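What you see is a predicted model; the values in this text were computed from it and never measured. Chain identifiers are assigned alphabetically (A, B, ...) following the order of the sequence lines, protein sequences preceding nucleic acid strands; residue numbering begins at 1 within each chain.
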Amino acid sequence: MSVADTTPEPTLVVQHVSKSFGSVTAVQDASLSAGAGEVTAIIGDNGAGKSTLIKCVSGVHRSDAGEVCLDGHPVGFASPEEGRARGIETVYQDLALVDDLAVWQNLFLNRERTRGAGPIRFLDRQGMQREAESMLQRLDVDVPSVRERVRRLSGGQRQAVAICRAAGWGSRLVIMDEPTAALGVRETARVEELIRRLRDDGLAVLVISHNFDQVLRLSDRVWIMRQGRVVDGFRTAETSAEELVAAVTGAQRAANQPRGRSQQP
Amino acid sequence: MAAPTRDREPRQADAAPSRAPAWTARARRTVRDPAFWADWTVVVALIVLVVVFASLSDVFLTAGNVESILVASSILVVLAIGQTAVVATAGIDLSLGSILTVSSVVLGWAHAGGMGIAVACLLCVATGLLAGTINGLVVARGKITDFIVTLGMLSVAYGAALVISDGRPVRVQDQFLLTLTTGSLGPLRYNVALAALVAVLGHVVLFHTRFGTHLLATGGAPEAARAAGVDVARVKIAVYAISGLMGAIGGILLTARVGAAEPTTATTLLLNSVAAVVLGGVSLFGGRGSILGPVAGALLLTALINGLTLLAVSQFWQPIAVGLVVIVSALMMRFRR
Ligand SMILES: Nc1ncnc2c1ncn2[C@@H]1O[C@H](COP(=O)(O)OP(=O)(O)OP(=O)(O)O)[C@@H](O)[C@H]1O
Ligand SMILES: [Mg+2]
């Protein structure tokens, strides 16, 4: 394929993936890639199929056709757990934290450390709290205390905890669906900082966003989705807001440059 | 812990000029915080109640009366713990009283049939577990509202108790059960000790095991729990089974105390178990709860009835008093965050 000339090989390569729900075709023949140490953005109008596509990658949905490759190996996840086991973590649009549990309990949810013998095992609460503190510290995330209930955190702190959980488990690829949609300006800036830190740690980061300014600030490359298809792709440094808007709405370019650069932004 | 931030500096600056040690400032802030009182409503209420009754009655705080409160509350404590497990997952078990009844009747039937007390108690426990597991399976796999499922089980279990016992109480005279009610382990009666043991185990399971964490996550945010890979359906089945088990243990305690297995409706026990859970600050929306709270709630309800009896208040007033206490505490709990 035409990805061959991008060196090194991208962490994630999606090829010709399609997904329908009954008669609704949500994703059609979509191809894109995301490299390690890069922030890759997906933009597109409401209903363009962005969320559905990343769910096909993370294992929430099973694609009808096409191939998802992680580090060059084809993967076909039947469930998010399988995806997670292979190093794909997703931060969902609705955060997916448990409000009434403490920060450390959320970071370790379903990955709790226990001590004990045989079937009689007890939580290593101290150990997990310490580890949670260092997880947050490593990414410079600031919460009042790891023992605080998530309910009492601000929107930005909650999002940071969710991202931290996604990044904290030796993941290779972190996917975020509109991570700053519900946040104010200052909190958005902090979350963006956090995303850059993940990138600098060498993770592949895939971000869905509706905010063109954010995409231009944050990402290294951009894929454009329209009506279920990945219709275009750019190196962020080589594009502009006007060009992105045009691509998303399908103005002018659609006719003369149909999918010319979609494989190698 | 995280480094101090711009956010928190002003608050520290506020505290500094007062020169009081940090903990007094914190204590003062805590005491002024309505959320603190809401969290400890039941303990505060229990203390107030004890002080009031102790000042009105010389008998109330005597060792003998305290013991009889503890003994009388032991069944309710056990049931409240079972109810807590279910309510913390945002469910409710309306069949708990009926499960107690049918388990107790099975015990009496097995004992009357000449089986040893050990076998009879095992069958009793198996009955409770079975009924609870059926509740859980229908709720979790059949995806039917807990309210309807357990209302159905309430009727089925009570009917089964009537069928098995032919509607008549069965005398159960047995040394083991007699010892359970009258014997003592140090200062604690065996039945009180058993309830205390169940409470300690409940606390450990809820706060010191993976299952406990998954239980609270299932109740608080089922979607988030599922996304994290928690088997939400299995947790639901487990909590109803636990509730059934607690019903059966309650059945053994009640049979021991009465000396007979009676096919009664046990409605008051069911209602009080829910009341104790609400008093104990367990959120009916799930995700939040403790064991200490409902245990204190059960003690509070029992002490209330005991005190009213000592003061020779007519029995007819007792349900009104119980209801008022529950409603007032629920109002106080609205201040929780
Ligand atoms: N589970 C589902 N069942 C049926 N149709 C679905 C399902 N999920 C998505 N769709 C449909 O697929 C299409 C793409 O939806 P998707 O959520 O992927 O869009 P999106 O690009 O994420 O939009 P937004 O920007 O609003 O989040 C929509 O028409 C949507 O209605
Ligand atoms: Mg979406």
- Note on the structure: Separation between CG (A:D124) and NE2 (B:H208), nearest 0.5 Å, reads 11.5 Å

- Query: So which of A:R111, A:R125, A:R130, A:R121 has the largest heavy-atom pair count under 4.5 angstrom toward chain B?
  - Reply: A:R125

- Note on the structure: When every non-hydrogen atom of B:A224 is compared with those of A:L109, the smallest separation belongs to O-CD2, 4.4 Å

- Quick one: list whatever passes side chain to side chain contact (heavy atoms under 4.5 Å, CB included) with B:I237, sequence neighbours left out. B:T133, B:L137, B:A140, B:R141

- Task: Measure distances from B:V204 to the heavy atoms of chain A and classify the residue's part below 4.5 Å as side chain, backbone, both or neither.
- Result: side chain

- For the candidates B:G229, B:P222, B:G220, B:A227, which exhibits the highest count of non-hydrogen atom pairs separated by less than 4.5 Å from chain A? B:G229

- Mark yes when over 12 heavy atoms from residues, nucleotides or ligands other than A:R172 sit less than 6.0 Å from its CZ; otherwise mark no. no

- Check whether any side-chain heavy atom of B:L216 sits under 4.5 Å from a side-chain heavy atom of A:D100, and report yes or no. no

- Query: CD1 of A:I120 to OG1 of B:T209: how many Å apart, nearest 0.5 Å?
  - Reply: 12.0 Å

- Note on the structure: Of A:N106, A:V98, A:N110, the largest count of non-hydrogen pairs under 4.5 angstrom with chain B goes to A:N110

- Task: Can you measure from CD (A:E112) to CZ (B:F211) and round to the nearest 0.5 angstrom?
- Result: 12.5 Å

